[in-house]
Amino acid sequence: MKTQLEKGKPKLLKFLREKLNNYGIQLNIIVNETVEKKFAYTPQEKYDKLKEKNPLIEKLKNTFGLDV
């Protein structure tokens with residue numbers, strides 16, 4: 001996405017400078033490279049996600065003989 005923004009940067013800056021009548025505007029692009037949020041899709045992934053939030057889920061599962 002950064003490369004796409006870099007390609008459109010001159011047009012964007014020209015537009016902003018003209019509309020705002022401010023030719024000193026600059027555009028700095030900073031990318032935050034954190035890991036994207038992983039979504040749980042399968043029942044096992046959903047169970048593991050819940051177990052991370054509340055370890056007592058495991059006890060509940062074992063007490064009632066439930067399976068995933």
Side-chain angles (χ1 to χ4, degrees):
M1 293 181 90
K2 181 180 178 180
T3 56
Q4 291 175 347
L5 188 56
E6 289 285 348
K7 288 179 184 178
K9 185 177 175 180
K11 289 182 182 178
L12 178 62
L13 276 174
K14 181 181 177 193
F15 173 80
L16 289 173
R17 288 174 177 168
E18 289 174 358
K19 291 295 180 182
L20 298 175
N21 197 24
N22 183 347
Y23 293 90
I25 292 177
Q26 294 183 5
L27 185 62
N28 296 326
I29 302 169
I30 301 171
V31 178
N32 185 359
E33 295 183 20
T34 58
V35 177
E36 290 184 17
K37 183 178 178 184
K38 183 181 176 196
F39 294 96
Y41 293 106
T42 67
Q44 183 63 45
E45 290 174 342
K46 291 176 184 178
Y47 173 73
D48 292 338
K49 188 74 171 174
L50 284 173
K51 194 166 68 172
E52 285 177 19
K53 291 183 179 181
N54 188 352
L56 293 176
I57 295 284
E58 182 72 22
K59 183 177 179 182
L60 179 70
K61 178 183 169 235
N62 293 335
T63 301
F64 291 104
L66 303 173
D67 61 349
V68 179

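Given the structure is predicted, the values throughout are model-derived calculations rather than measurements. When a residue number appears, it is its place in the shown sequence, counting from 1.
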Spatial distance of atom OG1 (T42) from atom CG (D48) [nearest 0.5 Å]: 8.0 Å
Distance check, rounded to the nearest 0.5 Å: N62 atom CG versus K59 atom NZ? 10.0 Å
Decide whether L20 and F15 are clustered together by the hydrophobic rule: side chain heavy atoms of Ile, Leu, Val, Met, Phe, Trp, Tyr closer than 4.5 Å, transitively. yes
Drop me the distance from L16's CG to L12's CG, to the nearest 0.5 angstrom. 4.5 Å
Should F64 and I57 be regarded as members of a common hydrophobic cluster, given that ILVMFWY residues are connected when their side-chain heavy atoms come within less than 4.5 Å of each other, either directly or indirectly? no
Do M1 and V31 belong to the same hydrophobic cluster, where Ile, Leu, Val, Met, Phe, Trp and Tyr are linked whenever their side-chain heavy atoms lie under 4.5 Å apart, directly or via other members? no
Going from CD on E6 to NZ on K2, what distance comes out if it is rounded to the nearest 0.5 angstrom? 5.5 Å
Main chain of P55, side chain of E58: is a donor-acceptor contact present, judged purely on distance under 3.5 Å? no
About how many Å separate CD of E52 and CG of N54, when rounded to the nearest 0.5 Å? 12.0 Å
Indicate yes or no: at least one non-hydrogen side-chain atom of E18 is less than 4.5 angstrom from one of Y23. yes
Taking atom NZ of K9 as the centre, report whether more than 12 heavy atoms of other residues, nucleotides or ligands fall under 6.0 Å from it. yes
